[in-house]
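The next block holds one structure in the form of structure tokens; read it before the comments.
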Amino acid sequence: MDTMGTLRRTHYAMQALEASPGERLVVAGSVAKSRDLGGLVFADLRDNTGILQLAFGGDTAPDIFEKAASLRSEDVVMAEGLLRLRESPNDELPTGRLELFVSDLRILSRAETPPFEVRDEVPVGEDLRLRYRYLDLRREGLHETIRLRSQITRAVRDYYLDHDFVDIETPVLIKSTPEGARDYLVPSRVQPGRFYALPQSPQLYKQILMLSGFDKYFQIARCFRDEDLRADRQPEFTQIDMEMAFVDEGDVRAANEAMVCEVFEKVLGVKLSAPFPCMPHSEAMARFGSDKPDTRFGLELCDVSGIVGDCGFGVFSGAVQAGGSVRLINAKGLAEQLSRKEIDRLTETAKTYGAKGLAYLRLAEGGESSSYEKFLSDAEKAALRAAAGAEAGDVLLLVADGDATVFAALGAVRLAIAKKQGLIPEGVYNFLWVTDFPLFERDEESGRFVAVHHPFTMPKEEDIPLLESDPGACRAKAYDMVVNGVELGGGSIRINDPALQAQMFRLLGFTEERAQQNFGFLMEAYRYGAPPHGGMAFGLDRMVALMARRESIRDVIAFPKVQNAGEPMSGCPDLVDEGQLDELHIRSTAPATEADAEG
RNA sequence: GGCCCGGUAGUUCAGUUGGUUAGAACGCUAGCCUGUCACGCUAGAGGCCGUGGGUUCAAGUCCCAUCCGGGUCGCCA
């Protein structure tokens, strides 16, 4: 193996485009591919920027040529030579008209045959990619995505800094507040039996920073939630977190809308149409069955409770009389596409979300069929069809249940149809604000009210009288930024009145002691003068995934975790020494080794 | 915790109603080749069919359990 000696890189692969033929270049990187033609050897050198072909043969010194012939994929090399035009250019490659005719080749590190080919074209299972993440990261697609992420975070920082926000780091070891998601806990060595939590977000600290006179804060913050993973959820993830003082809802929205527009323009060259439309939460639910509606296609919901509330079909009338509703989607002109089998599949989707079934009316060319019409009177049938705007070729899909179930089921059915039938246009960013969220929702298990957003969220002024009389009808100064069915971020105006905050805690069922114990320091801080303030937080990983057009946020995180919350490359979480546990004053309740597990 | 899908050469996959010696492509190794770029040609190596039980004359194939990966519901203030 060779050393670099005094040789240093003069150009990255893509910088060859700015150099002239005849110029002397030194490049460095990995061998992406070598092609030995006998008297000629070509090697594709891959570096952080791209590919440049190295050429050997003809006048190449015999020792260099021999080295070139020995090159294998992923060997790390440094090459010096003259840039020249190729005899036969390759239009597929940005540098395809150029090659480096190598006079000095240093093989700096030999590579074993990798467990998979380091090329985007070759499909590889995700478990292998994560086990050998360093190889996966060499592949162009992922490599470029990670670089794109860096461009995005830079644009985000630039925006906030340019608008007088202060970048402030908040602690990672914090007090656990057992509301919301499960906390990751960290045992204290110095204070036996006590624990830190890792932050689920910098929420409390950023509010306190507003009381500290910073006025405008932002941070790109790592957050932790000990909950099960999804394609769009990791146990540790990154938030773009911000807060502003002396503002109301519209100010926060305007500031962050401008941020998103600037980032899209700078990074992707995409000009978003602003301002983003605002849609009240109730409208989003009624029309799309979701608080993060994908507005790129129709298939909106239609409430037919009024028509079937008294009908003879118990499934319908029962749901309405129990306080729920009957709603439908008209799959316009999809009667041929939505076969019985396809409807059965959609029924399964609906059932996943708690619906008892999916009633349908199929107006196909070959004849009508329906699971429910036989239970309705002619007048009811006609009224229902009219309400749905049903015509030949349509399919009506109905769910009858409590509102939450109806929305969840039909919202999912709506998405499933659109995906399957290709109704979702590509390359469109439909941004909107969902506003006027309810302040509280009923917890199914306990029956008590819990905060939809968090307990510091300011109610709408006009709804404050409802706090005591009808909490369920009370709306919050909370807003989500939604794009293409993805919740990109959300936030709220915070309560800055200690009395109102105390009332909130009481309504949420906190005892005085518990509120004091968990949030005493926060309530105390608010007693010393608190400006009106609010903010929001974005899921950076989701934003990058959206901009990089990736399905999973694992594809935009350098070292993501998998479904069991482990990290396959390093193998964490892992067992630790008994000694470490002793120092931390925690007894090991889980078996320390597999041998112990057997015994 | 529930449900669904998957696990077969290094990789991606195929493998019939259970039936002789488990295949392909790419990769890898060796040889040949002076303009390749998915180089080409020739030859070759490479398999505990995730693991453990069971059914059977016979299991990659059927059954049970378990491990691993993915999706999803619950969960995610």
Side-chain angles (χ1 to χ4, degrees), chain A residues 32-45 51-60 65 69 72-74 84-93 95-97 99 101 112-132 135 177-183 200-201 203-204 223-235 237 345 348-355 408-409 412 416 437 439-441 443-445 449-457 476 478 487 490 492 504 508 510 518-519 539 551-552 554 562-564 566 568 594:
Chain A
K33 182 83 191 172
S34 65
R35 292 174 292 278
D36 184 348
L37 274 63
L40 283 177
V41 172
F42 299 100
D44 292 336
L45 178 116
I51 297 272
L52 179 66
Q53 175 167 285
L54 308 180
F56 306 83
D59 300 336
T60 303
F65 189 83
R72 294 291 179 271
S73 291
E74 302 311 314
R84 68 182 186 190
L85 292 172
R86 294 193 193 186
E87 279 181 30
S88 45
N90 177 358
D91 294 334
E92 307 285 305
L93 216 58
T95 61
R97 304 182 60 78
E99 67 184 8
F101 182 61
E112 286 181 20
T113 303
F116 56 86
E117 292 178 69
V118 183
R119 301 195 296 147
D120 280 334
E121 297 76 22
V122 180
V124 191
E126 198 174 4
D127 44 347
L128 250 204
R129 290 174 49 202
L130 290 169
R131 168 78 179 75
Y132 299 95
L135 298 179
T177 52
E179 282 290 298
R182 197 175 293 115
D183 279 333
Q200 297 178 26
S201 83
Q203 186 62 38
L204 301 185
C223 303
F224 306 85
R225 291 179 189 176
D226 189 4
E227 297 291 346
D228 286 351
L229 280 71
R230 290 286 190 283
D232 62 350
R233 261 165 38 190
Q234 285 270 308
F237 61 102
R345 255 188 225 135
E348 286 311 306
T349 301
K351 282 182 175 170
T352 307
Y353 289 83
F437 275 75
L439 189 60
F440 304 102
E441 63 189 346
D443 181 58
E444 294 291 329
E445 282 175 32
F449 280 111
V450 296
V452 169
H453 190 51
H454 58 56
F456 319 110
T457 302
E487 180 197 334
S492 66
M504 276 296 287
L508 290 166
F510 282 72
N518 284 339
F519 303 112
E551 288 289 318
S552 163
R554 288 190 299 272
V562 297
Q563 198 154 23
N564 66 9
E594 295 194 13

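Numbers restart at 1 for each chain; the letters A, B, ... are given by sequence-line order, proteins then strands.
Scanning for side-chain contact (heavy atoms from CB on, under 4.5 Å) contacts around A:E487 gives A:K292, A:D480, A:R542, with sequence neighbours left out. Checked against salt bridge (Lys or Arg N to Asp or Glu O under 4.0 Å), A:E227 has the following partners two or more places apart in sequence or in another chain: A:R182. In this structure A:F42 satisfies the ring-ring contact (aromatic ring centres under 6.0 Å, His included) test with no other residue, sequence neighbours excluded. Looking at residues two or more places apart in sequence or on another chain, you find no salt bridge (Lys or Arg N to Asp or Glu O under 4.0 Å) involving A:R97. Every residue meeting the salt bridge (Lys or Arg N to Asp or Glu O under 4.0 Å) condition with A:R129, not counting sequence neighbours, appears here in chain and number order: A:D136, A:D555. For the side-chain hydrogen bond (donor to acceptor under 3.5 Å, both in side chains) test, residues two or more places apart in sequence or in another chain that qualify with A:E99 are A:Q53, A:R84. Scanning for side-chain hydrogen bond (donor to acceptor under 3.5 Å, both in side chains) contacts around A:R345 gives A:E342, with sequence neighbours left out. Qualifying ring-ring contact (aromatic ring centres under 6.0 Å, His included) partners for A:Y353, counting only residues two or more places apart in sequence or in other chains: none. The salt bridge (Lys or Arg N to Asp or Glu O under 4.0 Å) check on A:D44 picks up A:R35, with sequence neighbours excluded.
Taking atom CZ of residue A:R230 and atom P of nucleotide B:rC76, one finds them 11 Å apart after rounding to whole Å. Residue A:E74 contributes atom CD, which lies 14 Å from atom P of B:rG27 at whole-angstrom precision. What separates CZ of A:R131 from C1' of B:rG50 is a distance of 16 Å, to the nearest Å. Whole-Å rounding puts the A:D228 CG to B:rG71 P distance at 12 Å. What separates CD of A:E126 from C1' of B:rC68 is a distance of 14 Å, to the nearest Å. Summarising the geometry, the separation between CG on A:D127 and C1' on B:rC5 is reported as 14 Å, rounded to the nearest angstrom. With rounding to whole Å, A:Q563 atom CD is found 17 Å from B:rC76 atom P. The distance between atom CD of A:E121 and atom C1' of B:rU11, rounded to the nearest whole Å, is 14 Å.
Heavy-atom contacts from other residues, nucleotides or ligands closer than 6.0 Å to CD of A:E121 number more than 12.
Nucleotides B:rU36 and B:rC41 are separated by 15 Å at their C1' atoms, to the nearest Å. For the C1' atoms, the distance from B:rU17 to B:rU56 is 15 Å, rounded to whole Å. Look at the P atom in both B:rC39 and B:rA9: the space between them is 25 Å, to the nearest Å. Across the C1' atoms, B:rC73 and B:rA45 are found 48 Å apart, a figure rounded to whole Å. For the C1' atom pair drawn from B:rU61 and B:rA22, the interatomic distance equals 12 Å after rounding to whole Å. Taking atom C1' in both B:rG52 and B:rC68, the straight-line distance is 15 Å, to the nearest Å. As rounded to the nearest Å, B:rG23 and B:rU29 have P atoms that lie 24 Å from one another. Straight-line distance between the C1' atoms of B:rG53 and B:rC67: roughly 14 Å, to the nearest whole Å.
Pairing partner, B:rG47: none, since no Watson-Crick or wobble contact has both distances short of 3.5 Å. Pair assignment for B:rG27 gives none, since no Watson-Crick or G-U wobble pairing has each distance under 3.5 Å. Searching all strands for a Watson-Crick or G-U wobble partner of B:rA38 with both distances below 3.5 Å returns nothing. Nucleotide B:rG6 is matched to B:rC68 when pairs are restricted to Watson-Crick or G-U wobble geometry with both distances under 3.5 angstrom. With a cut-off of 3.5 Å on both pairing distances, B:rA14 has no Watson-Crick or G-U wobble partner at all.
A:R233 places a side-chain N or O within donor-acceptor distance of the main-chain N or O of A:D228, the cut-off being under 3.5 Å. Here the side chain of A:Q200 pairs no donor or acceptor atom with the backbone of A:G180 at under 3.5 angstrom.
When heavy atoms are screened at a 4.0 angstrom cut-off, A:P123 is found touching the sugar-phosphate backbone but no base atom. Nucleic acid contact class of A:V41 (heavy atoms, under 4.0 Å, all strands): none.
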Polar atom pairs between nucleotides 6-10 of chain B and protein, under 3.5 Å, N or O only, would you list them?
{"residue": "B:rG10", "atom": "O2'", "partner": "A:P115", "partner atom": "O", "Å": "2.7"}

Return the polar atom pairs (N/O with N/O) between nucleotides 22-24 of chain B and the protein under 3.5 Å, or none.
none

Nucleotides 28-39 of chain B: protein proximity per nucleotide (B base, S sugar-phosphate only, - neither; heavy atom, under 4.0 Å): SSS--BBBBB-B
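Taking the side chain as every heavy atom from C-beta outward, A:V562 and A:L229 never approach each other to under 4.5 Å.
Each of A:S201 and A:R554 lies near RNA chain B, and the nucleotide nearest A:R554 is the one positioned closer to the 5' end.
A perpendicular orientation is assigned to the rings of A:F116 and A:Y132, their planes being inclined by more than 60° (bins at 30° and 60°).
Applying the 3.5 Å distance criterion, the base of B:rC76 shares no donor-acceptor pair with the side chain of A:R225.
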